[in-house]
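Side chains are part of it too, since the values below use all heavy atoms of this structure and drop only hydrogens, waters and symmetry mates. Please read all numbers here as calculations on a predicted model, not as lab measurements.
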Amino acid sequence: MEPYKKGKKYTSRELMERAYALSIESIGEHKNKPDPLVGAILATQDGQILAEAYRGELRIGEHCEYTLIERKLKSDKLSDMVLYVTLEPCIDKVRTKPKRGCATHIIKSRIPKVYIGMRDPDVDIENEGANQLIEAKVEVHDFDPDISQKIRNSLSEFIAYKEAEKLKIQKEGKPKAKKEYFKESVTGSKVDQFSKSAVQEFINNSSSEFTYPSQEFNQWAVSFGLATLENENYIPTNMGLILFGETVDHILPHTIFKVEIEYPDGSTEIEDFGGPVSTQLRRVFSYVSEKALKLTIDRSSAKRSSKTDFPLDILREAIANAIIHRDYSITSSANYLFISNDKILIKSPGMPLPPLTLDDIRTLDLPSVSRNPKIMYVYNRMGLAEQRGIGLRSMKSLSDKGFPLPVIDIKGKVLEIAFARSSDALTEIISNKTHNLSEQDKLGVQFIQANQPISASDYAEKFGITNKTAQRRLNELMDNGLIVKEGERRWTKYLIKK
């Protein structure tokens with residue numbers, strides 16, 4: 001690739017793209033397994049490149065960040081620099097002493113801000129490098145999602161190797177579950193009480209070399225953090241019980257997925273889905289797609305007819321997100337799905353995973369980061385979650401299909417995603433009350449939500465009205481508490497009220 005120009009100021013986007021291009025230059029050191037492609041750039045706050053590197057550039061096997069920090073810039077002051085690296089920095093526990101993890105080198109160099117292309121594909125350590133930086137007060141950001149996906153595509157062979165490696169039986173070593181809550185063993189339970197059908201479904205879809213029940217499965221469960229070996233007994237951890245426990249909801253009732261359906265005639269139906277979380281998506285989705293989304297009552301003839309009036313693929317992704325990415329250490333709340341003629345509401349316990357914020361989630365354009373890598377891994381191996389990060393991003397397509405975008409909020413420690421099944425319902429969801437608006441103004445709210453921030457002239461052009469009329473209608477929407485404005489005079493923009 002072309003050398004960078006000294007003194008030139010590059011945008012963050014350009015630096016991300018360049019880091020990706022650098023990663024392709026990486027030199028692997030193994031012939032029997034794929035090595036990761038990693039590129040990194042150190043730049044000033046205003047985008048001037050200080051130095052750049054790729055894995056194996058100066059010495060075969062040498063990690064990219066080490067090359068950059070300890071070999072190219074060892075004598076430089078880096079406390080006001082920004083690092084762009086395509087793969088999450090590794091940590092001390094995966095390095096052979098006296099070598100240190102790249103996260104440690106970054107922290108020691110006092111680099112204050114780091115952009116990460118994608119998280120470590122090893123589900124035992126995913127997010128830990130980023131978390132180590134965050135705990136050290138380093139400001140962490142993720143690459144733009146489309147560049148992250150390009151990086152993930154370039155590492156597809158390495159990712160597949162890492163995922164397959166998790167299915168190998170490790171007869172020695174301690175489980176490396178990510179969260180302390182998931183590591184806790186569940187007294188009174190045994191691995192042979194796992195759901196045979198759920199485990200068999202996982203084995204069939206993941207091409208595992210072991211069977212269940214078997215000693216080989218028990219050993220794999222310990223190595224993967226699904227069980228612990230105590231007094232010659234294999235005891236499930238919270239993670240193991242959540243994923244495969246036949247009656248996990250009897251012991252951990254917060255793992256239940258609650259569903260409530262309100263039919264057009266006013267009647268309601270409530271169903272709780274317990275059992276192994278690894279099969280929860282299929283069961284919940286099958287139930288609601290048949291019961292709630294394809295069943296419409298024709299009041300004139302009192303007949304029920306089949307009609308899908310909300311995209312099933314979007315609903316499936318929303319349910320999958322709630323199951324895979326919720327915070328299972330919050331034991332006071334369960335996943336909840338409500339469906340009526342007007343709206344669909346999904347509640348999932350858990351605050352945004354740092355460094356993400358609620359505003360980041362509201363953009364529906366997130367990097368491929370998972371709170372629960374092992375649950376994501378099992379769903380991926382079972383063919384239930386093919387692409388990371390696609391769930392929320394897929395919801396952007398609702399506008400193209402004539403539906404409002406979801407309204408996202410946090411109440412307590414519970415993430416709420418509300419889907420309006422019409423522009424009329426959208427106004428009620430935004431303000432929690434009904435409004436006496438014209439059909440055009442209801443569509444206007446939907447237009448603003450999908451394109452915000454917009455100007456009065458944007459609104460006028462959309463609906464074929466004068467700027468003066470557009471301004472009057474926008475003022476009425478503000479009076480109704482549906483939208484707010486930012487800026488003054490010709491720079492005034494309008495957006496949905498949060």
Side-chain angles (χ1 to χ4, degrees), residues 93 123-128 131 166-203 206 208 210-258 272-281 283 322-336 348-350 370-379 381-382 413-414:
K93 75 177 183 180
V123 293
D124 281 338
I125 58 176
E126 183 176 347
N127 297 332
E128 291 196 22
N131 289 340
K166 296 298 103 180
L167 293 172
K168 294 179 181 178
I169 299 169
Q170 302 171 21
K171 296 185 178 181
E172 297 181 0
K174 298 179 181 179
K176 300 176 181 178
K178 174 181 173 287
K179 287 178 175 292
E180 289 298 325
Y181 172 78
F182 285 142
K183 287 183 180 180
E184 295 173 1
S185 57
V186 184
T187 305
S189 297
K190 295 182 179 180
V191 168
D192 58 13
Q193 294 174 331
F194 281 174
S195 166
K196 289 184 180 179
S197 61
V199 175
Q200 193 60 51
E201 186 176 346
F202 169 73
I203 290 173
S206 60
S208 305
F210 44 75
T211 59
Y212 176 80
S214 68
Q215 182 66 15
E216 289 76 19
F217 174 83
N218 293 345
Q219 291 170 348
W220 173 78
V222 170
S223 71
F224 195 58
L226 304 184
T228 59
L229 182 58
E230 301 175 11
N231 299 322
E232 299 185 356
N233 292 314
Y234 290 93
I235 310 298
T237 59
N238 279 334
M239 173 63 81
L241 204 63
I242 287 170
L243 276 170
F244 295 115
E246 180 77 65
T247 55
V248 56
D249 49 298
H250 295 178
I251 302 169
L252 304 173
H254 67 290
T255 60
I256 285 175
F257 200 119
K258 296 179 175 290
D272 288 349
F273 292 84
V277 163
S278 60
T279 65
Q280 211 169 54
L281 171 59
R283 291 180 288 124
I323 294 171
I324 296 171
H325 302 301
R326 69 153 286 181
D327 187 343
Y328 284 91
S329 68
I330 298 177
T331 59
S332 58
S333 301
N335 278 334
Y336 172 79
S348 180
S370 174
R371 183 194 305 277
N372 304 310
K374 292 191 175 180
I375 296 177
M376 182 69 194
Y377 170 81
V378 169
Y379 262 70
R381 299 301 296 191
M382 293 174 72
K413 291 184 178 181
V414 177

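Put simply, the side chain of N372 reaches to within 4.5 Å of the side chain of F182, judged on heavy atoms. Between K166 and Y377 the shortest side-chain heavy-atom distance falls below 4.5 Å. With contacts defined as side-chain heavy-atom distances shorter than 4.5 Å, the pair V277/V248 does not qualify.
A donor-acceptor pair is defined here as one N or O able to donate and one able to accept, closer than 3.5 Å; no such pair exists between the side chain of K93 and the backbone of I125. Checking side-chain atoms of D249 against main-chain N and O of I256 turns up no donor-acceptor pair under 3.5 Å. Side chain of R371 to backbone of Y328: no donor-acceptor contact under 3.5 angstrom is found. Formation of a donor-acceptor pair under 3.5 Å by the N233 side chain with backbone atoms of K190 is not found in this model. The backbone N or O of H250 sits nowhere less than 3.5 Å from a side-chain atom of T247 that would complete a donor-acceptor pair.
One finds the CZ atom of F273 at 9.0 Å from the CZ atom of F257 (value rounded to the nearest 0.5 Å). Here the straight-line distance linking atom CD1 of I203 with atom CE of M382 works out to 10.5 Å at 0.5 Å rounding. In this structure, CG on L243 lies 10.0 Å from OG1 on T279, to the nearest 0.5 angstrom. Expressed to the nearest 0.5 Å, how far CZ of F244 lies from CD of Q200 amounts to 11.0 Å. Annotation: the span from I375 atom CD1 to M239 atom CE amounts to 4.5 Å, rounded to 0.5 Å. Atom NE2 of H254 is separated from atom OG of S332 by 9.0 Å, given to the nearest 0.5 angstrom.
Pairs engaging residues 191-203 under the salt bridge (charged side-chain N to carboxylate O under 4.0 Å, His left out) rule: E201-R282 [sequence neighbours left out].
G225 and T237 make their closest contact through O-OG1, 2.8 Å (heavy atoms, listed as atom of the first residue, atom of the second, distance). Between W220 and L167, the shortest heavy-atom contact is NE1-CA, 3.5 Å. Of all heavy-atom pairs spanning V186 and I235, the tightest one is O-CG2, 3.3 Å. Residues S189 and I251 approach most closely at OG-CD1, 3.4 Å, considering heavy atoms. Across all non-hydrogen atoms, the minimal contact from P276 to E246 is CD-O, 4.1 Å. Nearest heavy-atom pair, V378 versus S278, reported as atom, atom and distance to 0.1 Å: CG1-CB, 4.2 Å.
Side chains of S348 and N335: a donor on one and an acceptor on the other come within 3.5 Å. No side-chain donor-acceptor contact under 3.5 Å links Q280 and Y379. Counting only N and O atoms by type, the side chains of D327 and S329 include a donor and acceptor under 3.5 Å apart.
Taking the six-membered ring for Trp and the full ring otherwise, the centers of Y212 and F202 sit at least 6.0 Å from each other.
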